[in-house]
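Note that ligands are numbered from 1 as they come in the structure, with each ligand's atoms numbered from 1 the same way. Residue indices begin at 1 and follow the sequence shown.
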Amino acid sequence: MVGPSERQVISPVATLGVMGGGQLGAMFAMAAKRMGYRVEVFSDVADCPAAHHCDRVHVGSYDDPAALVAMARGVDVLTFEFENVSAEPLKALAGVVPVRPAPKVLFTTQQRGREKTFLVREGFACAPHRLVRSREDLHAAVAALGLPAVIKTAAFGYDGKGQRKLEAGASSQEIDAAWDMLTAGVGGGVLIPAGVGECVLILEGWIDFQCEISVVAARGLDGSTAVFAPTRNHHSHHILDISSVPAGLPDAVLETAREMAAAVLEKLDVVGVACVEFFVTRDGRVLVNEIAPRPHNSGHLTMAACETSQFEQQVRAICGLPLGSTRQLAPAAMANLLGDCWTNGEPDWPAALAVPGVSLVLYGKSEPRPGRKMGHLTALADSVDEAIVNVTRARSLACRSSVRSG
Ligand code: AMP
């Protein structure tokens with residue numbers, strides 16, 4: 001049991017702990033340091049993006065409760081930057097330090113079967129689906145839902161990994177092949193195996209959506225919520241490419257998404273920040289796709305475009321401080337910078353930054369592998385269309401005319 005400190009405000013210069021040292025941990029650390037906190041990071045690699053911005057990196061395995069507890073003893077509150085930390089070892093921390101959001105939030109959202117069960121139980125609209133425990137289950141699910149459909153691994157999928165679309169008219173052999181392919185990784189390389197009786201895959205009916213949007217929201221210790229404007233998200237090869245706000249949808253759709261996001265955080269009892277991703281169907285229905293119990297790539301534009309960034313909001317929420325205003329200062333668009341942009345050498349940052357309203361964030365990763373998120377550009381403009389044009393132009397100037405070193 002955590003004592004009275006559970007309800008107390010954690011003021012600077014307290015020490016905030018983060019599980020995970022990637023870019024989300026780095027941007028959290030930047031926000032926290034600016035506010036006067038100390039930040040300690042737990043990572044499985046020493047040279048992680050957050051290492052450049054924090055006071056101490058604890059290097060260890062996320063599955064090692066003793067290492068986690070040792071880190072937790074030196075911090076005043078613990079949060080995480082990615083959901084693939086096994087919830088079990090995190091439970092060992094519950095008596096040591098407040099963990100926000102609580103491990104049970106992670107447990108629900110890190111497995112698609114649990115997440116969907118939560119959504120259905122609480123009455124949130126989502127894609128029609130079936131939980132799949134066996135090859136026979138998969139065939140039965142296809143018969144029940146019809147095709148096209150998408151099969152997803154229950155745990156550890158991200159950026160389209162661990163997914164396969166089954167086209168209309170797919171044969172029984174193709175369904176078997178999809179089962180073989182997606183279950184080959186289960187148990188090997190998968191940190192969080194399905195619990196006894198849990199599904200290994202889910203089958204989802206294909207949604208012919210009008211667009212994808214997401215809502216980042218924060219919930220404080222006192223249960224108050226602060227919700228950012230929905231961003232409209234464009235993916236390329238299953239990886240987020242561009243996010244923009246305003247999303248250019250009817251007010252009723254945007255309001256529904258915001259209300260659903262706030263309700264998801266409330267029902268999950270999140271203290272911290274979470275992102276709810278949605279499909280907007282052609283007839284204007286809003287369906288939850290998935291939940292990330294942490295800041296999200298689609299919320300990076302809040303750093304340049306809003307009175308409070310999603311990372312400052314995470315600091316405020318986990319420290320029991322009042323949540324900040326989510327007011328947007330200008331229409332904005334964000335473009336991810338993947339490792340591919342480094343193909344011809346160092347990108348031409350001066351060219352990108354000469355585009356009006358454009359700012360750059362790089363994550364400090366040394367190796368620009370294709371598909372790896374290295375940083376992002378954000379453009380603020382008078383209209384969202386102009387912001388999208390400018391951020392796209394800035395990125396193509398940077399990446400096309402890369403400056404060769406030497
Ligand atoms: P996810 O990992 O579940 O976010 O899926 C990655 C991407 O695949 C989504 O952003 C969508 O573009 C697409 N996708 C996922 N599920 C569906 C679905 N049921 N219907 C249509 N597209 C989907």
Side-chain angles (χ1 to χ4, degrees), residues 24 82-84 106 108-120 124-132 138 141-142 144-170 175 178 181-183 185-186 190-192 194 199-216 230-244 247 249 257 260-261 264 274-300 334-336 338 371 373:
L24 300 178
F82 73 120
E83 57 267 57
N84 294 343
L106 216 71
T108 304
T109 54
Q110 69 190 180
Q111 210 265 7
R112 289 184 195 273
R114 291 177 210 146
E115 187 173 86
K116 285 280 197 283
T117 303
F118 158 78
L119 290 170
V120 170
F124 292 106
C126 57
H129 61 273
R130 291 289 184 280
L131 308 190
V132 173
L138 180 59
V142 170
L145 286 184
L147 294 175
V150 55
I151 315 177
K152 303 179 180 181
T153 52
F156 261 85
Y158 65 96
D159 288 345
K161 293 187 177 71
Q163 293 196 20
R164 181 107 172 227
K165 185 178 178 187
L166 283 178
E167 298 292 351
I175 296 168
M181 189 197 90
L182 290 172
T183 54
V186 174
V190 175
L191 207 63
I192 303 168
C199 64
V200 286
L201 304 176
I202 64 163
L203 183 76
E204 260 181 47
W206 189 254
I207 306 295
D208 180 25
F209 52 76
Q210 171 192 163
C211 66
E212 293 182 85
I213 59 173
S214 55
V215 177
V216 173
T231 61
R232 191 178 189 122
N233 302 325
H234 300 271
H235 296 84
S236 174
H237 305 290
H238 294 287
I239 301 176
L240 183 66
D241 186 40
I242 303 230
S243 287
S244 57
L249 292 163
M260 284 171 80
V264 164
C275 175
V276 184
E277 296 180 69
F278 299 95
F279 299 129
V280 180
T281 64
R282 294 190 188 279
D283 56 0
R285 283 176 305 129
V286 180
L287 308 178
V288 176
N289 174 24
E290 59 182 0
I291 306 162
R294 51 163 173 79
H296 191 258
N297 195 167
S298 62
H300 289 355
M334 182 236 43
N336 267 337
L338 303 183
K373 290 175 183 169

- Item | Separation of T231 OG1 from I242 CD1 (nearest 0.5 Å) | 12.0 Å
- Close side-chain approach of M260 and V215, heavy atoms under 4.5 Å: no
- Item | Counterpart residues, side-chain contact (heavy atoms from CB on, under 4.5 Å), relative to A247 (two or more places apart) | I213, R232, L249, L254
- Backbone or side chain, does any N or O of G205 fall under 3.5 Å from an N or O of ligand 1? yes
- Message: Please list, in number order, the atoms of ligand 1 under 4.0 Å from a heavy atom of V150.
- Response: 16 (N), 17 (C), 18 (C), 19 (N)
- Would K116 and E204 pass as an ion pair if we require N to O under 4.0 Å? yes
- E204 to ligand 1: N or O pair under 3.5 Å? yes
- Task: Flag F279 as yes when one of its N or O atoms lies below 3.5 Å from any N or O atom of ligand 1, and as no otherwise.
- Result: no
- Message: So is K165 touching ligand 1 or not, going by heavy atoms under 4.0 Å?
- Response: no
- Quick one: which ligand 1 atoms are inside 4.0 Å of a heavy atom on F209? 12 (O), 21 (C), 22 (N)
- With sequence neighbours excluded, what pairs up with E115 under the salt bridge (charged side-chain N to carboxylate O under 4.0 Å, His left out) test? none
- Query: Heavy atom under 4.0 Å from ligand 1: found in D208's side chain, backbone, both, or neither?
  - Reply: neither
- Would you say R112 and ligand 1 have an N/O pair spaced under 3.5 Å apart? yes
- Task: Would you mind reporting whether V216 and P295 have side-chain heavy atoms less than 4.5 Å apart?
- Result: no
